[in-house]
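Below is one structure, written out as structure tokens; comments come after it.
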2 protein chains.
Amino acid sequence: MNISEVSKKYNIPIDTLRYYEKEGLLPPVRRTESGLRDYSEQDCGWVEFIKCMRGAGLSIDTLRQYITLYGKGNRTLQKRKNLLVSERDKLKARIDEMQKTLQRLNYKIKVYEERIVACEKELLRKRKSK
Amino acid sequence: MNISEVSKKYNIPIDTLRYYEKEGLLPPVRRTESGLRDYSEQDCGWVEFIKCMRGAGLSIDTLRQYITLYGKGNRTLQKRKNLLVSERDKLKARIDEMQKTLQRLNYKIKVYEERIVACEKELLRKRKSK
DNA sequence: CTAAACCCTGGAGTTGGCTTTAAGTCAAGC
DNA sequence: GCTTGACTTAAAGCCAACTCCAGGGTTTAG
């Protein structure tokens, strides 16, 4: 799979794919003889994983650490788990905060709706009294 | 209330408070004769609101638009509500995405735990067979 | 009265995460 | 054989959102 196919499949710009690789977010992708990237199934898996994690706000640096540990094999299992747990906890905290803000926005919107209705009634009243 | 008190109260750096004001995220704060900022209750309310909304990912630009509309009075009620609804919807979408990623992380962590247990058993087996 | 601590402004610098550019290689279609 | 379009690299550029700095005025404790 060449870079533009991967780009289309996951809807990630080509430049971003190269950037992620340069930054060590995925293991160096195999090349054809002429030097073109040829993504394996596993590479695609990483790309999808990165996209998902970036979407949830994990930093480039954190993901680089994770894949670096992954590259060192089984003896980093515990460290990788710890990293995931720590990111999971942070993510959970972010979600909780955002949930509260969501509710606050919903409440604000409700108040706006009431005020808008009140405004319209007021207009109607004025028009009648003319 | 002077700027460092507000900074401490909401845990926002002084520079950031000034930056927000410069960017039009809150109405110009009243000054003492000598030119020092003196935050009113209402100013504090805005600061808290901004902190909350920024924490949920609303952009500086969006918040500037909101307060600009607010400054124009009642005739912008509908526009302000529309803006809030649009941001609410985006926030909800972000939360949903992050929820999915949270579950994925939880699953991954579970798998890691099992693998770690398996690894430990393996070690124990080796030690016994010596 | 003065030193230390605090506040002011305008503008420059930093950070994270891309995104574009320049200059070149390579493969396929006409 | 030549053009077109996709790929390559390293490096520079860009954007949002801060963050820091220089140079100067103000407030307060001793």
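These numbers come from a predicted model, not from an experiment. The sequence lines fix the lettering, A, B, ..., with proteins before strands; numbering per chain opens at 1.
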For atom CD of A:E23 and atom C1' of C:dT19, their distance in whole Å:
13 Å
Nucleotide C:dG13, atom P - distance to OH of B:Y19 in whole Å
18 Å
B:R125/B:E122 ion pair, N-O < 4.0 Å:
yes
Give the nucleotide from the list D:dC18, D:dA6, D:dT8 with an atom nearest to the side chain of A:S4.
D:dA6
Given atom CZ of B:R64 and atom C1' of D:dC18, what is their separation to the nearest angstrom?
14 Å
Please tell me if B:T16 has a side-chain N or O lying less than 4.0 Å from either OP1 or OP2 of D:dA17.
no
Check whether any side-chain nitrogen or oxygen of A:Y20 sits under 4.0 Å from OP1 or OP2 of C:dC18, and answer yes or no.
yes
Using heavy-atom distances to pick each residue's nearest nucleotide on DNA chain C, tell me which of B:I3 and A:P13 is more 5'.
B:I3
Contact class for A:R18 vs. all strands (heavy atom < 4.0 Å): base, sugar-phosphate, or nothing?
base
Would you say D:dA6 has OP1 or OP2 under 4.0 Å from some side-chain N or O of A:N2?
no
Given DNA chain D, 5'-ward residue of the pair B:T32 and B:S59, judged by closest heavy atom:
B:S59
Looking at A:Y66, is A:K79 sitting on its ring face, NZ or CZ under 6.0 Å from the six-membered ring centre and within 45 degrees of the normal?
no
Roughly how many Å is it from CG in A:L36 to C1' in D:dC7, rounded to a whole number?
5 Å
Centre-to-centre under 6.0 Å for A:W46 and A:Y39, is that the case here?
no
From CZ of B:R37 across to P of D:dT26 the rounded distance in Å is 15 Å
Nearest-nucleotide pick for A:R54, side chain only, options being C:dC8, C:dG17, C:dT19:
C:dG17
Under 4.0 Å between a side-chain nitrogen and a carboxylate oxygen: does that hold for A:E87 and A:K90?
yes
Nearest to the side chain of A:S34, heavy atoms from C-beta on, is which of D:dT9, C:dC26, D:dT26?
C:dC26
Taking CE from A:M1 and P from D:dA6, how many angstroms apart are they, rounded to a whole number?
17 Å
What is the distance from CG of B:D15 to C1' of C:dG10, rounded to the nearest Å?
13 Å
Can you tell me how far C1' of C:dG16 sits from CG of A:D61, to the nearest Å?
10 Å
Distance (rounded to the nearest 0.5 Å) between A:R30 CZ and A:D38 CG
4.5 Å
